[in-house]
Number of protein chains: 2
Amino acid sequence: MTQTTEKTNLADIAYRLLKQDITEGAFLPGDKLLMSALRERYEIGAGPMREALSRLVAEHLVTAASQRGFRVARMSVDELKDIYFARASLEAMIAELAVQRGDDEWEAGVIAAAHTLSRVTELQSEEQMLGLWDARHKAFHDAIARGCGSAKLLELRSTMLDQAERYRQLWLRRTVFSTAALELKQQEHSALLQALLSRDSHEVREKMFDHMMNPIPIITRILSERGLTGGAQTA
Amino acid sequence: MTQTTEKTNLADIAYRLLKQDITEGAFLPGDKLLMSALRERYEIGAGPMREALSRLVAEHLVTAASQRGFRVARMSVDELKDIYFARASLEAMIAELAVQRGDDEWEAGVIAAAHTLSRVTELQSEEQMLGLWDARHKAFHDAIARGCGSAKLLELRSTMLDQAERYRQLWLRRTVFSTAALELKQQEHSALLQALLSRDSHEVREKMFDHMMNPIPIITRILSERGLTGGAQTA
DNA sequence: AAAGTTAAAAATGTAGATATTTTTCACAAA
DNA sequence: TTTGTGAAAAATATCTACATTTTTAACTTT
């Protein structure tokens, strides 16, 4: 047996689908998540659906008010700033640890990921290009973080990533489709890599922090342009 | 109306009760959490009970296997070390930030909490003494952390505290009921406070990290003495 | 307009049906 | 006797359908 089909229950499936739908924008911030609508959409009973929703509440992607149902969590500039700051602080700390504790295998992994990322060219369709760059960019950062050696810290990192995901999606399009922005990112990445290979943990920490804080002004602007924070949805 | 009774649903109540029961040891690590038993204990239907359980799974206090039900998460020395390291790293970072960003009000709060903590005397019963010291000790650390100014970082801190709680309970008794250990803690606290008042953020970071890592050997010993990790529970 | 009343809509909870896993136990082979 | 196998039974988890409670919103009435 190579890879069991990983049995899951319905609540689990609904959880994943809804999470994806929210981060991909199928439901917008502030939208009411009607039980009947969700049950129909995911072809599922109310019990498992509730279970999925309550998990997303724990992750702050959904808000709940007792007897009044669920809504997609609002987005705000304040939350953006807080999430990105916390994430940058954490990621910087993890990177510093990784430089201090990472072994040769880790270093090799980082170099490989950096190389793969630098080779994303605009050959395919724009949407494919977006997906590929995003995947490899994530892989690059994952490769760095992995070296910290703490499963719990990586877990915290992962929860922050989930919370940032909706904001990050906004930034992604602006960055990948702008040659200038993309080149700036490439520069930051190679500077990061250099500091990393020279095992200058303090330098890595600072560079990583700045790298992670960079998107804030861009996303702030996007949020202001279209009021995507979820104001007065009635339905 | 001064303070609404904060309406909650049954799943919420069950969540809190079960969480308390687990951290207080009413259910031991590795114990099977039988649906029928839980429903009877908390006088609740299967739906809400499931909801409560799945929230605790997200917090790593309970493990789930599809179609095979739930168990209290095992404890291990490895996990202890990982949790405490991650927690110490995070707390140290938060404390450093607090020193850099905390205002006068924050400083006053810390001083007040430190004073209250230092005045816990052994007048009442031992159990009461334990509870009081624990509450004030937590309040002291909370007062410090609050200054970091990031709600998300405080949230991360809180999730780590939850995960550490079962291990921390083991440490607590050993510390509070040993005059030597308690005095050592007092010393660490006042050293921490001093560094904090002199606004030496680097010093605070180091002291906080050490302070948080201290309990690991003690807890490791306790875990080894009694095999409280949850081995071969059948029922 | 403001406040009260009532009907529809929606969330929450329970009970029972269904599916899965685990245990039991009889029987056969070593 | 011990060990292994397999089928039946029991225990258990999971899901759906229905009942109950609460909220929302429309409609009066003052």
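Source: prediction; values computed, not measured. Residue numbering restarts at 1 for every chain, and letters A, B, ... go by the order of the sequence lines.
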Report the distance from atom [atom1] of [X] to atom [atom2] of [N], rounded to the nearest whole Å.
X       : N      : atom1 : atom2 : result
A/Glu51 : D/dC15 : CD    : P     : 7 Å
B/Glu43 : C/dT14 : CD    : C1'   : 14 Å
B/Leu38 : D/dT14 : CG    : P     : 12 Å
A/Ile44 : D/dC15 : CD1   : P     : 7 Å

**Study point:** Side chains of A/His60 and B/Glu155, donor plus acceptor under 3.5 Å
**Key:**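 A pair is found: one side chain offers a donor N or O, the other an acceptor, under 3.5 Å apart.
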Practice item. Could I get the full list of salt bridge (charged side-chain N to carboxylate O under 4.0 Å, His left out) partners for B/Glu40, not counting sequence neighbours? Key: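 Not a single residue meets the salt bridge (charged side-chain N to carboxylate O under 4.0 Å, His left out) criterion with B/Glu40.
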Review point. Rounded to the nearest 0.5 Å, how far does CG of A/Leu97 lie from OG of A/Ser150?
Key: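 Interatomic distance, A/Ser150 OG to A/Leu97 CG, rounded to 0.5 Å: 8.0 Å.
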Practice item. In plain terms, say whether A/Asp12 and A/Arg16 are close enough for a salt bridge, that is, a side-chain N and a carboxylate O under 4.0 Å apart. Key: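 Counted as a salt bridge, because a side-chain N and a carboxylate O are separated by less than 4.0 Å.
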Point to revise | Ionic contact status for B/Arg166 with B/Glu59, cut-off 4.0 Å | key: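 So B/Glu59 does not pair with B/Arg166 through a salt bridge.
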Practice item. Could you encode protein contacts along nucleotides 5-12 of chain C as a string, one character per nucleotide from 5' to 3', using B for base contact, S for sugar-phosphate-only contact and - for no contact, with a heavy-atom cut-off of under 4.0 Å? Key: -----SSS
Review point. Would you call the rings of A/Trp133 and A/His137 parallel, tilted or perpendicular, where under 30° means parallel and over 60° means perpendicular?
Key: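 If you compare the ring of A/Trp133 with that of A/His137, the planes turn out parallel.
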